[in-house]
Amino acid sequence: MTRALSSNWNMVPAIRRSPVAAAPQHRLSAAFVPEARRSAPAMLFSRYLLPVMKETPADAQIVSHQLMLRAGLVRQTAAGIYAWLPLGLRVLNRIADLVRREQDRAGAIELLMPTIQSADLWRQSGRYDAYGPEMLRFQDRGGREMLYGPTNEEMITSIFRDCVRSYRDLPRTLYHIQWKFRDEVRPRFGVMRGREFLMKDAYSFDLDAEGGRASYDAQFTAYLRTFAALGLRAVPVRAPTGPIGGDLSHEFHILADTGESEVFYDSALDAVDLADADAPAMLRGLYAMEAEEHAKVENCPVPPERLASRRGIEVGHIFFFGTKYSHAMGLQVQAKDGTQVTPLMGSYGVGVSRLVGAIIEASHDAGGIVWPDSVAPFDVGLINLRPDDALCATAAAEAEARLEAAGLSVLHDDRDARGGEKFATMDLIGLPWQIIIGPKAAAAGLVELKRRATGERHEVSLDDAMARLKGPRAA
RNA sequence: CGGGGAGUGGCGCAGCCUGGUAGCGCAUCUGCUUUGGGAGCAGAGGGUCGCAGGUUCGAAUCCUGUCUCCCCGACCA
């Protein structure tokens with residue numbers, strides 16, 4: 001498959017580097033394996049598909065959408081539907097890999113359910129009629145009613161029902177990372193509110209409420225870890241709960257002025273380090289509510305001067321809904337005492353594709369995107385200012401080899417373009433580090449190392465540059 | 001779903017009111033000169049003006065219909 005692709009792309013027979021070998025760290029393995037990234041050859045800009053734009057497309061309103069288009073991450077193909085171009089896909093995959101890693105660590109088990117579902121399944125839960133026009137419905141050639149899944153509660157319940165008979169098979173939490181479709185009335189904000197979106201959704205099955213609570217807490221903690229690993233601060237706020245009540249529904253919000261929803265919280269929360277292992281316990285006593293839920297509160301326990309109100313981008317939502325689907329769909333397992341019990345369920349979503357936009361909202365500057373190290377499409381952008389200069393070419397080749405050997409992913413701008421254009425492009429696409437090879441520094445045996453986030457740049461030896469680059473990745 | 005706006009080379013736009021056979025900037029290609037923050041000169045390629053009807057000698061322009069996209073509001077990961 002990859003081979004066929006490469007022959008399509010490269011009409012030139014003798015290429016310096018096969019794009020096959022240069023294939024990114026695509027997930028052939030289910031687990032997050034940093035080693036898989038080791039010694040991947042640098043991607044040459046001149047052989048990549050990276051259509052950057054100087055001008056901002058008129059349709060894009062918010063900055064993340066504008067930057068995603070300008071940096072060549074996505075192309076819109078219909079309202080709320082996007083094609084992921086190579087650079088964007090790398091980011092999407094890295095986010096998915098991080099989400100996967102934390103799900104696995106939390107004990108969840110990955111599977112993959114289809115995008116297309118049958119209406120019959122949804123009739124079992126009664127949601128086929130309840131869901132409304134957001135659900136994309138159609139018929140196959142046999143006239144059977146089908147739909148493009150907006151979520152998978154019915155399907156996972158059906159699968160679990162068919163696979164599991166005994167209490168011994170519980171508890172389990174299953175997840176997949178799959179495309180969903182919701183026919184939003186009004187898609188907007190690029191991938192942050194598209195109709196088609198990539199989502200991690202997990203589903204827990206427990207024998208009793210206590211177990212359900214434990215499964216919920218495990219996901220809660222996994223979410224804190226996931227967002228921290230992504231370089232994001234996403235605060236959990238209570239969301240409207242289902243029939244069970246209590247506080248078993250949280251939304252995770254990245255606080256940003258462009259957020260679509262409003263959240264209210266005790267400003268003491270601003271001081272909580274969400275990456276800390278004790279964060280879940282610290283959060284337990286702190287008031288934080290999604291707007292609708294906050295409105296229901298009659299006596300807000302937070303003194304007015306400490307009540308903060310911010311806009312938030314919802315990037316995760318978890319909730320516990322008990323037997324809603326298991327009961328409706330006849331999922332039962334035999335208990336230790338021989339009786340049939342109906343498992344309690346929860347579901348846990350992360351908007352993977354939405355996160356790409358959300359991260360950019362939270363991390364950009366006048367020059368363009370500023371990727372967190374953990375999700376950057378490439379670790380390092382290598383700029384050779386004089387590809388035709390022998391000394392520079394040698395220096396660039398050496399830098400490239402060293403970076404590859406160190407397991408760093410590299411985009412090498414080998415284009416025959418002027419410095420200014422290369423700088424602007426590299427800043428726009430936001431790779432965390434830049435190594436710049438110029439004639440003067442090269443003559444002195446030095447390279448220039450630039451940190452995108454701060455703009456800091458230093459002329460250093462290649463050894464020193466490598467030492468600095470390895471530092472943050474080891475963390 | 002209500003209200004508004006827009007469809008003209010890849011991107012951003014002008015032309016439309018007052019019909020006469022399509023233009024500007026960026027991008028692309030060629031050559032020369034350049035080369036550390038989106039270069040200069042010279043030349044070149046690329047557009048059924050969203051689509052379908054209609055009016056007219058003649059339609060990007062006027063009329064009708066239709067599709068698509070965007071914005072504001074109500075709703076959602």
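First the proteins, then the strands, lettered A, B, ... as listed; each starts at 1.
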For a quick check, tell me whether the side chain of A:R188 and the base of B:C76 share a donor-acceptor pair closer than 3.5 Å. no
Short side-chain donor-acceptor distance under 3.5 Å, A:D427 and A:Q434
yes
| query | What interatomic distance, in whole Å, is found between C1' of B:A27 and the corresponding atom of B:C69? | reply | 23 Å
side-chain contact (heavy atoms from CB on, under 4.5 Å) filter on A:S125, not counting sequence neighbours, yields A:R127, A:E154, A:Y325, A:M329
Can you pull every protein N or O that's under 3.5 Å from an N or O on nucleotides 11-14 of chain B?
| from | atom 1 | to | atom 2 | distance (Å) |
| --- | --- | --- | --- | --- |
| B:C11 | O2 | A:E55 | OE1 | 3.0 |
| B:G12 | OP1 | A:A58 | N | 2.9 |

- Message: Whether the side chain of A:E448 and the base of B:G36 hold a donor-acceptor pair under 3.5 Å is what I'd like checked.
- Response: yes
B:C17 versus B:U34 - spacing of their C1' atoms, nearest Å: 47 Å
Could you give the distance separating B:A14 and B:A6 at their C1' atoms, to the nearest angstrom? 15 Å
Comparing A:A417 with A:G80, nearest RNA chain B nucleotide closer to 5' gives the residue A:A417
Side-chain atoms of A:E260 come closest, of B:C70, B:C75, B:G38, to B:C75
Residues pairing under salt bridge (Lys or Arg N to Asp or Glu O under 4.0 Å) where one sits in residues 249-261 of chain A, two or more places apart or in two chains, turn out to be A:R193-A:E260
Query raised in the report: Which is true for A:R195 with a 4.0 Å heavy-atom rule: it touches a base, it touches only sugar-phosphate, or it touches nothing?
Result: nothing
A:T173 meets the side-chain hydrogen bond (donor to acceptor under 3.5 Å, both in side chains) criterion, sequence neighbours left out, with none
Distance-only donor-acceptor pairs under 3.5 Å for side chains of residues 384-396 of chain A, two or more places apart:
| from | atom 1 | to | atom 2 | distance (Å) |
| --- | --- | --- | --- | --- |
| A:N384 | OD1 | A:R386 | N | 3.0 |
| A:D389 | OD1 | A:L391 | N | 3.0 |
| A:D389 | OD1 | A:C392 | N | 2.8 |
| A:T394 | OG1 | A:A390 | O | 2.8 |

What nucleic acid atoms does A:K200 come within less than 4.0 Å of, heavy atoms only: base, sugar-phosphate, or nothing? nothing
Next item on the list: Using the P atom as the reference point in each nucleotide, state the distance between B:A44 and B:C49 in Å, no decimals.
Entry: 25 Å
Assign each of A:R415 and A:E292 the nucleotide of RNA chain B bearing its closest heavy atom; nearer the 5' end lies the nucleotide of A:R415
Axial cation check for A:F423 ring with A:R457, 6.0 Å and 45° limits: yes
So the ring pair (Phe, Tyr, Trp, His ring centres under 6.0 Å) pairs with at least one residue in residues 96-122 of chain A (sequence neighbours excluded) are A:W122-A:Y131
Which of B:G37, B:C75, B:C69 is nearest the side chain of A:E184? It is B:C75
**P gap between B:A22 and B:G45, integer Å** = 15 Å
Mind checking the P distance from B:A39 to B:C75? Whole angstroms is fine.
-> 48 Å
*asked:* Can you see if the side chain of A:R418 gets near the phosphate of B:A39 - specifically, an N or O under 4.0 Å from OP1 or OP2?
replied: yes
